[in-house]
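The structure under discussion appears below in the form of structure tokens.
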Amino acid sequence: QVQLVESGGGLVQAGDSLRLSCVASGDGFPFLIMGWFRQAPGKEREFVARLTGRGTYKYYADSVKGRFTISRDNAKNTVFLQMDSLKAEDTAVYYCAAAGSTGSSSPESYMYWGQGTQVTVSS
């Protein structure tokens, strides 16, 4: 029902910044918990960040705290992930996900997923 499209990935050097965007189609975006996950080759999908419908509450994985910032613009049905001080270990495919009120750090709690966007950080 909800379509998500990520963009903004690319190749950067360690210490650089990158901003990912995720545009959602369909109704109800302001009511959705939005999350960002990432997955590196051979590894399981891991939680990166999430925020509530109005963006009031934000949650981050310990590995990205202080470096990444999640935000949303409900008027544009868009969620962002600002990534600063990127490290080589941040390299992964980043996925945007949407959930109802039960969204958490677990991938299983999200109903909708984007196609992913590749982020590669060279050291």
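Just so you know, these numbers come straight off a predicted model, no measurement behind them.
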Distance check, rounded to the nearest 0.5 Å: Asn77 atom CG versus Gln3 atom CD? 12.5 Å
Under the side-chain contact (heavy atoms from CB on, under 4.5 Å) rule, collect the residues that match up with Glu46, sequence neighbours excluded. Arg38
Any donor and acceptor pair, going by atom type alone, linking the side chain of Asn74 with main-chain N or O of Gly53 inside 3.5 Å? yes
Which residue pairs satisfy the salt bridge (Lys or Arg N to Asp or Glu O under 4.0 Å) criterion with at least one member in residues 67-81, sequence neighbours excluded? Arg67-Asp90
Applying side chain to side chain donor-acceptor pair (under 3.5 Å), which residue pairs with at least one partner in residues 8-29 are found, sequence neighbours left out? Ser17-Asp84
May I ask whether Val5 and Phe29 are part of the same hydrophobic cluster, defined by side-chain heavy atoms of I, L, V, M, F, W, Y residues being less than 4.5 angstrom apart, directly or through others? no
Tell me, which pairs form a ring pair (Phe, Tyr, Trp, His ring centres under 6.0 Å) where one or both residues lie in residues 34-93, sequence neighbours left out? Phe37-Phe47, Phe37-Tyr110, Phe37-Trp113
Lys43: which residues meet the salt bridge (Lys or Arg N to Asp or Glu O under 4.0 Å) condition with it, sequence neighbours left out? none
All heavy atoms of Leu20 vs all of Thr117, minimum pair found to be CD2-CG2, 4.0 Å
Where at least one partner belongs to residues 93-123, residue pairs that pass disulfide (SG to SG under 2.5 Å), sequence neighbours excluded: Cys22-Cys96
Closest non-hydrogen contact found for Val64 with Val48 is CG2-O, 3.5 Å
Taken in chain and number order and not counting sequence neighbours, the residues that satisfy side-chain contact (heavy atoms from CB on, under 4.5 Å) with Tyr112 are Gln1, Val2, Leu4, Ala98
Show the nearest heavy-atom pair for residues Val121 and Thr91, with the distance to one decimal. N-OG1, 2.9 Å
Among pairs that include at least one residue of residues 99-120, which meet salt bridge (Lys or Arg N to Asp or Glu O under 4.0 Å), considering only residues two or more places apart or in two chains? none
Give every residue pair that meets the disulfide (SG to SG under 2.5 Å) criterion with at least one member in residues 28-81, sequence neighbours excluded. none
With Gln39 via side-chain contact (heavy atoms from CB on, under 4.5 Å) - residues at least two apart: Arg45, Tyr95
Inter-residue atom distance Thr69.OG1 - Leu81.CG, 0.5 Å rounding: 8.0 Å
On a heavy-atom basis, the closest approach of Ala99 and Ser109 is CB-O, 3.2 Å
What pairs meet the disulfide (SG to SG under 2.5 Å) rule with one or both residues in residues 33-89, with sequence neighbours excluded? none
Could you work out, with side-chain contact (heavy atoms from CB on, under 4.5 Å) as the rule, every residue matching Ala88, not counting sequence neighbours? Ser123
Does one hydrophobic cluster hold both Met83 and Val12, with members joined at side-chain heavy-atom distances below 4.5 Å? yes
